[in-house]
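A note on names: the letters A, B, ... follow the listed sequences, proteins ahead of strands, and every chain is numbered from 1. Just so it is clear, the model here is predicted, and its values are computed rather than measured. Side chains included, hydrogens not; waters and symmetry mates left out as well; all remaining heavy atoms used.
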There are 2 protein chains.
Amino acid sequence: MRPNARRTTLADIAQEAGVSVATVSKVVNGRGDVAPQTRTRVQELLHRHDYLAPVFRHTEAAAGPTIEVQFKGGLKSYVAETLEGIIDSAAELGASVVISRASGAPHWARDLVSAGRRAVIAVTSVYTAAHLNELARSGLPLVVLDPLHLPDSRVNSVGATNFAGGLAATRHLLSLGHRRIAYLGGPAMAVCNQARMHGYRAAMEAEGLQVPEAHVRPGEFTYETGALGAAALLDLPEPPTAIFAGNDEIAVGAVEAARVRGLRVPEDLSVVGFDDTSLAQMASPPLTTVRQPLREMGGAALRTALRLANGEKIESHHIELATELVVRASTAPPGR
Amino acid sequence: MRPNARRTTLADIAQEAGVSVATVSKVVNGRGDVAPQTRTRVQELLHRHDYLAPVFRHTEAAAGPTIEVQFKGGLKSYVAETLEGIIDSAAELGASVVISRASGAPHWARDLVSAGRRAVIAVTSVYTAAHLNELARSGLPLVVLDPLHLPDSRVNSVGATNFAGGLAATRHLLSLGHRRIAYLGGPAMAVCNQARMHGYRAAMEAEGLQVPEAHVRPGEFTYETGALGAAALLDLPEPPTAIFAGNDEIAVGAVEAARVRGLRVPEDLSVVGFDDTSLAQMASPPLTTVRQPLREMGGAALRTALRLANGEKIESHHIELATELVVRASTAPPGR
DNA sequence: CTGAAAGCGCTTACAG
DNA sequence: CTGAAAGCGCTTACAG
């Protein structure tokens with residue numbers, strides 16, 4: 001960022017605001033004894049001049065602005081590949097990446113500001129009104145990657161075209177000749193899951209096919225959901241000949257459920273995943289899946305975070321990158 | 001770290017060293033115009049009092065000391081699970097984790113010091129003499145996780161009992177009745193690979209078995225090495241009935257090579273992996289493998305890094321955590 | 001609520 | 001090489 005320019009000091013701001021350095025200092029440190037009007041004017045100037053406390057100048061000069069990436073649950077392939085995209089874009093743009101688990105500690109956002117973080121990227125997390133308030137109070141910008149909620153204009157988010165992906169996956173199975181296709185999904189409340197499922201439903205309806213209730217099963221984005229859900233589906237009087245899974249882990253669990261029952265994939269059962277993490281390429285058989293451009297999504301989130309940290313305006317509070325069907329060896333025409 | 005104690009200032013050091021604050025300041029900033037003797041005495045005191053420049057005090061108060069984790073190549077399951085261990089231990093001990101790819105930039109170590117990093121953890125990397133010199137000059141402590149070189153007394157490292165793991169994996173296959181067992185390994189120069197291979201050789205020799213040259217194949221720790229290597233092994237006039245793979249990715253590649261040839265695992269071919277990453281649990285069939293306690297290894301590396309950052313002495317420059325055989329569904333007695 | 005003044009911890013030209 | 005002195009950018013009691 002601005003290589004040679006002398007950094008703005010409190011004195012600069014004080015002069016421009018027509019107040020004393022002491023008053024500006026109070027605003028920076030959030031003391032109470034400042035008139036609301038004065039506070040607003042000074043804050044406005046601090047922001048416009050991208051004022052940075054001297055405690056952070058040294059660090060930023062050496063390692064650039066630092067962005068905090070928070071994740072929930074395990075550091076699975078999905079998160080790891082997104083993180084790779086974030087790290088590489090950060091290296092390119094001269095920023096640093098701190099990684100941690102999302103914490104619900106009382107003043108987490110203010111603590112992050114004190115630690116010099118310039119923005120937060122949350123990977124697949126739920127944010128509550130309390131979270132948003134805490135963030136707003138701290139002034140820390142947030143970018144959510146693969147939001148679990150509906151895009152909310154108060155937060156910036158990066159996702160993928162989940163509906164189109166669900167549609168493409170299901171059409172692929174239909175074009176192979178499948179008619180009994182089940183959907184084994186993630187959490188019912190997650191928007192990404194809903195979009196994938198509705199893409200599936202849209203494709204089925206367009207073909208004039210009824211979806212029996214038992215053929216749509218929500219769950220978690222885990223191997224166990226895949227193994228258990230597929231087992232239940234295969235025990236149905238009229239089992240599906242193909243399963244569209246909400247992500248690759250579910251798909252791999254479904255493949256294992258088939259294997260345990262002596263069914264071969266794809267001869268006896270076709271399976272389509274979602275994400276195209278390294279798991280999909282290494283599954284046996286390699287998985288037909290819907291690719292999410294995870295590294296690119298990570299890169300987009302990082303760039304957005306940096307722009308917000310610089311006080312720039314963002315054109316759109318939500319962007320989606322294109323998904324793409326990748327055909328491998330886990331799908332084939334239905335047997336017999 | 002030391003919650004209430006007032007931090008040591010330059011004035012404290014100056015008084016104790018019997019020099020002026022200006023001189024101490026010069027030492028801290030590495031200026032040339034200080035007598036070598038004076039410099040040494042002052043440096044000694046700075047280190048003993050754990051002097052921290054004011055630019056870093058604020059950050060450390062809010063987020064603890066920050067440790068830089070560097071990896072090479074992709075952020076694979078192996079690295080991701082280790083990183084999880086590092087992150088969790090850091091959260092517990094109040095430290096922050098910056099993650100980046102290893103860079104060979106000219107003054108990388110000094111840049112890290114300027115950015116306030118207190119130590120570096122390198123995951124599975126090679127370090128050259130140039131690296132070690134750059135580090136020594138910067139004074140930044142290094143901990144290597146799963147070193148690719150022989151433990152060197154100049155660097156601290158954390159590993160696992162690879163030889164014992166190789167022995168256990170091979171004995172398991174022998175006890176199932178296998179006699180033609182092949183080793184499909186990683187890079188020939190990597191010590192962890194060498195130790196696994198020699199564990200395998202030791203188990204074979206103890207049983208009085210000759211290992212044909214063609215049954216030991218080095219490669220990379222990748223799926224491709226597994227797929228290609230297993231294909232070559234299975235084309236041998238007398239193919240092995242079992243393969244011990246240097247890691248889980250190689251094992252999964254071998255499973256796929258078998259599937260492609262119409263061979264079933266474990267009925268026609270047994271496969272044992274190494275690491276027990278999530279890949280092993282999600283493979284089809286689930287992989288018998290040698291578990292490395294990756295999270296614990298990450299935690300141990302983080303604790304060591306923090307102790308070094310605090311100027312504490314470490315008892316041993318290398319520690320190894322125990323591996324453990326995990327039997328799943330990819331191994332069985334040889335067929336027919 | 002505001003700001004003059006004292007103070008803090010550090011850095012830097014410069015005289016010796 | 002060393003350090004007295006001026007200066008920097010900020011914070012904090014405290015008087016008004």
Compare all side-chain heavy atoms of B:Asp88 with those of A:Arg101 and state whether any distance is below 4.5 angstrom. yes
With the criterion being N/O to N/O and under 3.5 Å, what pairs connect the protein with nucleotides 1-5 of chain C, and how long is each?
{"unit_1": "C:dT2", "atom_1": "OP1", "unit_2": "A:Thr38", "atom_2": "OG1", "d": "2.8"}
{"unit_1": "C:dT2", "atom_1": "OP2", "unit_2": "A:Ala35", "atom_2": "N", "d": "3.1"}
{"unit_1": "C:dT2", "atom_1": "OP2", "unit_2": "A:Thr38", "atom_2": "OG1", "d": "3.4"}
{"unit_1": "C:dG3", "atom_1": "OP2", "unit_2": "A:Ser20", "atom_2": "N", "d": "3.2"}
{"unit_1": "C:dG3", "atom_1": "OP2", "unit_2": "A:Thr23", "atom_2": "OG1", "d": "3.2"}
{"unit_1": "C:dG3", "atom_1": "N7", "unit_2": "A:Lys26", "atom_2": "NZ", "d": "3.4"}
{"unit_1": "C:dG3", "atom_1": "O6", "unit_2": "A:Lys26", "atom_2": "NZ", "d": "2.7"}

Read 5' to 3' with Watson-Crick or G-U pairs under 3.5 Å, [ ] for crossing pairs and | for partners on another strand, DNA chain D gives |||.||||||||.|||
Do the side chains of A:Thr38 and A:Lys26 get nearer than 4.5 Å, heavy atoms only? no
Close side-chain approach of A:Trp108 to A:Leu135, heavy-atom, < 4.5 Å: yes
Check whether any side-chain N or O of B:Arg31 sits under 4.0 Å from OP1 or OP2 of C:dT12, and answer yes or no. yes
With P as the reference atom in both, quote the distance from C:dC10 to C:dC14 in angstrom, rounded to an integer. 24 Å
Would a distance-only check, ignoring hydrogens and angles, find a side-chain to backbone donor-acceptor pair under 3.5 Å from A:Arg303 to A:Ser89? no
Verify, without hydrogens or angle tests, whether B:Ser96 (side chain) and B:Ala63 (backbone) share a donor-acceptor contact under 3.5 angstrom. yes
Check whether any side-chain N or O of B:Asn310 sits under 3.5 Å from a backbone N or O of B:Arg307 as a donor-acceptor pair, and report yes or no. no
Roughly, in whole Å, what's the span from CG in A:Leu10 to P in D:dC10? 4 Å
Give a yes/no answer on whether the side chain of B:Tyr51 brings an N or O atom under 4.0 Å of OP1 or OP2 in C:dG9. no
Under 3.5 Å, side chain of B:Ser20 to main-chain N/O of B:Thr23, donor-acceptor pair present? yes
Using a 4.5 Å cut-off on heavy atoms from C-beta on, say whether the side chain of A:Lys76 contacts that of B:Ser278. no
Does B:Thr9 put a side-chain nitrogen or oxygen below 4.0 Å from OP1 or OP2 of C:dG9? no
